[in-house]
Amino acid sequence: MIEINKIRLNIEKYITSLKKRGIENIEDILKNLISLDDERKSLKTNLDNLLSEANKIAKEIGNKIKSDDKDIKELKNKSAEIKESSNILSEKLKNKELEIRDIIVNIPNTPDEKVPEGNSEDNNIEISSNEVAVDKKINLVPHWELIKDFNLIDFDNGNKITGAGFPIYTDKGAKLQRALINYFLDEAEKNGYTEIQPPILVNEDSGFGTGQLPDKEGMMYKIENENLFIIPTAEVPITNIYRKNIIDEDKLPIKNVAYTPCFRKEAGSWGAHVRGLNRLHQFDKVEIVQIENEKNSENALNEMCDYVESLIKSLEISYRKILLCAGDLGFASSITYDFEVFAPGQKRWLECSSVSNFKTYQSNRMNLKIKKNKDKVLAHTLNGSALALPRIVATILETHQNKNEIKIPDVLHRYTGFKQINL
RNA sequence: AGAGGAGUGGCAGAGUGGUCGAAUGCGGCGGUCUUGAAAACCGUUGUACCGCAAGGUACCGGGGGUUCGAAUCCCUCCUCCUCUGCCA
C-alpha cells in the first residue's frame with residue numbers, strides 16, 4: 001500500500017512512476033486521494049473537538065454528583081446534543097476512511113527506477129544467461145513423454161482422485177522431487193535462512209497483508225465456511241509472521257525459508273502449450289523471505305538473486321535472468337527478477353523463480369516496522385522462489401535425457417540415492 | 001465437540017461504573033556514585049491519528065450495545081487454560 005504522506009511530499013515522482021505501469025489517469029487518482037485525505041483530516045479535527053467537549057461534560061457531571069449537586073439535567077441535554085452531532089461526524093469520517101482505503105488498496109506498488117518501461121514481455125531485459133550443452137545426436141522429447149516412459153508421474157490417477165493439474169509423483173519421480181526439496185532447504189540454510197514450516201491455510205488478514213487480497217482473490221482456493229484461503233505461495237504465511245511487529249534494527253536481516261505445496265486456481269490461463277508439469281493447480285516450492293531496512297534492501301535483493309542463480313547453475317540446466325518491465329511487474333512488487341530455465345525437449349523457457357523487492361508496500365499493509373533508536377520506520381520485505389519444483393523437474397528430465405536413461409545432476413546424488421533413472 | 005475458567009502496557013500483575021492510558025514489581029533507556037562494573041538511588045519508558053505548537057482523540061483480545069460517563073455492565077466472535085468426548 002502506498003503512503004499518502006509520501007505522495008504529498010513528491011506527487012510528481014509517484015505520477016511518473018505509476019505511469020510506467022500504464023495507469024493513464026494516475027494524476028487524477030492521486031490528486032483525488034490527497035483531497036479526500038484533506039477532508040478526512042478536517043473531519044477528524046472536528047470530531048475530536050466534539051469528543052473532547054463531551055468528555056469534559058461527563059467529568060463535570062461526575063463531579064456534581066459527587067458533591068451532591070443534583071442539577072445535571074442541562075448538562076445531560078448538552079451532552080446528548082453533542083453525541084448526536086458526533087455520531088454523524090463519526091459516520092462521515094468512517095465512510096471517508098473507507099473511501100480512501102478502497103482507492104489506495106487498488107493502487108499497485110511504484111516501480112523501481114531500474115525497472116524498464118513497457119507493457120509486454122518484449123520489454124523485459126535479459127540480465128544474464130548460461131547455456132548447458134545437450135546431446136544433439138539424440139531426439140530430445142518433452143518431459144511429458146519422458147514421464148510416461150520412465151513412470152515418474154501419474155496424471156491419469158491424479159485426474160481421477162482430484163482433477164486436472166493435480167499430478168501424482170511416483171517412485172523415482174517422487175524421490176527426485178523430495179531430493180530437490182531437501183537440497184534446496186539445505187542450501188538455503190547454508191546461506192543463512194532459518195527453516196520454518198508454516199500453515200498452508202491463511203486467514204483474510206494475511207491475504208491482505210501480502211497483497212493477494214482483495215486484488216487477486218481469484219487466484220486462491222477458498223475454504224468458504226471457514227473463511228480461510230489455501231496459500232498460493234509460502235510468501236503469504238512467512239511474511240505475515242511479522243505482521244504487526246516492530247523489529248529491532250539489530251535483529252536484521254530476518255531470513256526464512258520454507259517448503260510448502262502451493263495452490264493456484266490459474267483460471268483462464270490454460271492454453272494449448274500448457275502440458276505436463278508446465279502449469280499445475282498444486283505444486284511444490286521452496287521459498288525464501290527476507291526482511292530488511294531501506295538501506296540494505298537493494299543489496300538483499302541482489303544477494304537473493306545470486307543465491308537463486310547459483311542454485312540453478314548447480315543443477316546443470318540452461319537459464320536466463322530477466323528484469324521484468326513495469327507492465328509485467330506483479331501488483332505489490334517494486335522490482336522483480338525472473339529466472340527462466342530452458343526445457344530443450346519442448347524448446348521452451350519456463351519460469352522457475354521470481355525474486356522481488358516489495359519495499360514498504362507489504363509492510364505498510366501489515367504494519368511491520370523497524371525500530372532504530374527511537375524512530376520507527378516501515379520495513380522492506382523481499383521474497384523469491386528457490387525454487388519452484390515442477391518446472392525444474394521438467395527441465396532436468398528434458399536436459400539430462402539420454403537414449404535409455406535420465407542422468408541426475410551430481411549435487412542431487414546424495415539426496416536421491418541414485419545417479420540415473422533407467423527405463 | 002460439550003462444560004467450566006480466563007484474556008489488561010516488553011513481561012508479571014492490580015483495577016468491577018467517574019479523579020484510569022491505567023497502581024505495583026521486573027525488564028529497557030538516561031543519570032548520580034565508581035578506575036570500570038554490580039548494588040543502591042533519581043528520572044524516564046506503548047501505538048496510531050489530528051494539530052505549527054500547546055494540546056486533543058482513540059485504543060485494556062476483535063466487533064457491536066447500554067450509559068452523561070465503560071478496562072469495569074450486556075451481546076457476539078476469536079484465542080488460551082482445565083475437565084469430558086473424539087482423533088492423526
Side-chain angles (χ1 to χ4, degrees), chain A residues 1-9 33-105 197-209 213 222-229 237 240-252 254 260-261 360 362-379:
Chain A
M1 200 157 66
I2 57 175
E3 298 155 78
I4 295 184
N5 287 338
K6 289 210 176 142
I7 300 173
R8 286 177 183 277
L9 293 177
L33 202 55
I34 288 175
S35 91
L36 286 171
D37 195 47
D38 288 337
E39 291 169 38
R40 189 201 113 243
K41 286 183 179 195
S42 102
L43 285 171
K44 164 87 173 150
T45 305
N46 292 338
L47 176 62
D48 282 358
N49 289 340
L50 280 182
L51 291 176
S52 174
E53 209 178 319
N55 284 343
K56 271 185 207 139
I57 291 172
K59 274 182 190 159
E60 247 179 88
I61 293 174
N63 288 334
K64 284 205 173 199
I65 288 173
K66 227 179 296 168
S67 58
D68 264 344
D69 181 351
K70 298 292 187 233
D71 186 22
I72 53 173
K73 203 166 185 185
E74 203 178 307
L75 284 175
K76 277 200 180 185
N77 288 339
K78 204 171 164 195
S79 179
E81 269 173 45
I82 292 173
K83 197 176 182 182
E84 206 176 312
S85 36
S86 77
N87 279 345
I88 294 168
L89 264 185
S90 166
E91 192 68 20
K92 275 189 187 168
L93 178 62
K94 207 166 142 191
N95 288 335
K96 194 61 71 183
E97 284 169 348
L98 285 176
E99 196 182 343
I100 289 168
R101 195 189 134 104
D102 276 352
I103 294 169
I104 206 161
V105 140
Q197 284 191 23
I200 306 304
L201 265 50
V202 294
N203 59 29
E204 213 173 332
D205 286 347
S206 295
F208 177 81
L213 295 174
K222 188 178 184 185
I223 317 267
E224 282 294 345
N225 43 1
E226 303 283 346
N227 210 24
L228 293 172
F229 296 86
N240 274 285
I241 292 171
Y242 306 99
R243 173 152 49 89
K244 292 182 179 175
N245 273 192
I246 297 171
I247 300 169
D248 278 341
E249 194 179 36
D250 55 18
K251 297 250 168 62
L252 297 176
I254 286 176
T260 68
T360 58
Q362 292 181 328
S363 64
N364 191 31
R365 285 183 161 227
M366 63 173 88
N367 204 2
L368 163 58
K369 295 191 171 175
I370 289 167
K371 188 172 164 189
K372 184 185 178 182
N373 300 322
K374 286 253 168 179
D375 292 339
K376 290 165 195 77
V377 293
L378 290 173

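By convention in this document, chain letters (A, B, ...) are assigned in the order of the sequence lines, proteins followed by strands, and residues within each chain are numbered from 1. All values reported here derive from a predicted model rather than from experimental measurement.
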Practice problem: Write down the partner of U79(B) under the Watson-Crick or G-U wobble criteria, each distance required to be under 3.5 Å. | Solution: A6(B)
Practice problem: Determine the interatomic distance between C1' on A22(B) and the same-named atom on U45(B); round to the nearest Å. | Solution: 15 Å
Quiz item: More 5' along RNA chain B: Ser79(A) or Asp37(A), using each one's nearest nucleotide?
Solution: Asp37(A)
Quiz item: Are any of the side-chain nitrogens in Asp37(A) or Arg40(A) under 4.0 Å away from the carboxylate oxygens of its partner?
Solution: yes
Exercise. Measure from CG on Leu43(A) to C1' on G51(B) and round the result to the nearest Å.
Key: 15 Å
Quiz item: Given side chains that start at C-beta, do those of Val105(A) and Met1(A) come closer than 4.5 Å, heavy atoms only?
Solution: yes
Quiz item: How far does the P atom of G65(B) sit from the matching atom of U16(B), given to the nearest Å?
Solution: 26 Å
Quiz item: Which nucleotide sits closest to the side chain of Asn55(A): U57(B), C50(B), A48(B)?
Solution: U57(B)
Quiz item: Lys369(A) side chain N/O closer than 4.0 Å to the phosphate oxygens (OP1, OP2) of A48(B)?
Solution: yes
Exercise. Could you measure between the two P atoms, the one in C74(B) and the one in A6(B), and give it in whole Å?
Key: 12 Å
Quiz item: Taking atom P in both G25(B) and A40(B), what distance in whole Å separates the two?
Solution: 13 Å
Quiz item: Between C68(B), G51(B), U47(B), which nucleotide gets closest to the side-chain atoms of Ile65(A)?
Solution: C68(B)
Practice problem: Provide, to the nearest angstrom, the distance between the CG atom belonging to Leu51(A) and the P atom belonging to A70(B). | Solution: 11 Å
Quiz item: What integer number of Å spans the C1' atoms of U19(B) and G69(B)?
Solution: 13 Å
Quiz item: Between atom CG in Asn203(A) and atom P in U79(B), what is the gap in whole Å?
Solution: 10 Å
Self-check item: C1' gap between U8(B) and A70(B), integer Å
Solution: 14 Å
Self-check item: Complementary nucleotide of A12(B), counting Watson-Crick and G-U pairs under 3.5 Å
Solution: U24(B)
Practice problem: Would you mind reading off the distance between Lys371(A) atom NZ and G46(B) atom C1', rounded to a whole angstrom? | Solution: 10 Å
Quiz prompt | Residue pair Ile200(A) / Pro261(A): nearest heavy atoms and the distance that separates them | solution = CD1-CD, 3.9 Å
Quiz item: Across all strands shown, which nucleotide pairs with G69(B) by Watson-Crick or G-U wobble geometry, both distances under 3.5 Å?
Solution: none
Quiz prompt | Nearest listed nucleotide, side chain of Lys44(A), among U57(B), G18(B), U47(B) | solution = U57(B)
Quiz prompt | For G30(B), the Watson-Crick or wobble partner whose two distances fall under 3.5 Å | solution = C42(B)
Exercise. Among the candidates G18(B), A48(B), A58(B), find the nucleotide nearest to the side-chain atoms of Ala58(A).
Key: G18(B)
Self-check item: Nearest to side-chain heavy atoms of Ile61(A), which nucleotide of G18(B), U57(B), C50(B)
Solution: G18(B)
Quiz item: What integer distance in Å separates Asp48(A):CG from A48(B):C1'?
Solution: 12 Å
Quiz item: Any side-chain heavy atom of Asn240(A) within less than 4.5 Å of one from Val202(A)?
Solution: no
Exercise. Can you tell me, in whole Å, how much space there is between the C1' of C42(B) and that of G46(B)?
Key: 23 Å
Quiz item: Taking a pair as Watson-Crick or G-U wobble with both distances under 3.5 Å, which nucleotide is matched to G17(B)?
Solution: none
Quiz item: When rounded to the nearest 0.5 angstrom, what is the spacing between CD1 in Ile82(A) and CD1 in Ile57(A)?
Solution: 3.5 Å
Exercise. Can you tell me the distance, in whole Å, between the NZ atom of Lys376(A) and the C1' atom of U47(B)?
Key: 8 Å
Quiz prompt | Counterpart base for U35(B), defined by Watson-Crick or G-U wobble contacts under 3.5 Å | solution = none
Self-check item: Min side-chain heavy-atom separation Arg365(A)-Phe208(A) under 4.5 Å
Solution: yes
Quiz prompt | Residue Ile246(A), side-chain heavy atoms: nucleotide from U47(B), A58(B), C50(B) that is nearest | solution = U47(B)
Self-check item: Value in whole Å for how far the C1' atom of U57(B) lies from NZ of Lys94(A)
Solution: 17 Å
Quiz item: Start at the 5' end of RNA chain B and walk down; is the nucleotide closest to Lys83(A) or to Asn49(A) reached first?
Solution: Asn49(A)
Quiz item: Can a side chain N or O of Ser52(A) be found less than 4.0 Å away from OP1 or OP2 on U57(B)?
Solution: yes
Quiz item: What interatomic distance, in whole Å, is found between C1' of U24(B) and the corresponding atom of C75(B)?
Solution: 34 Å
Practice problem: Verify the distance criterion only: is there a donor paired with an acceptor across the side chains of Asp48(A) and Thr45(A) at less than 3.5 Å? | Solution: no
Quiz item: A48(B) P sits how many Å from Lys244(A) NZ, rounded?
Solution: 14 Å
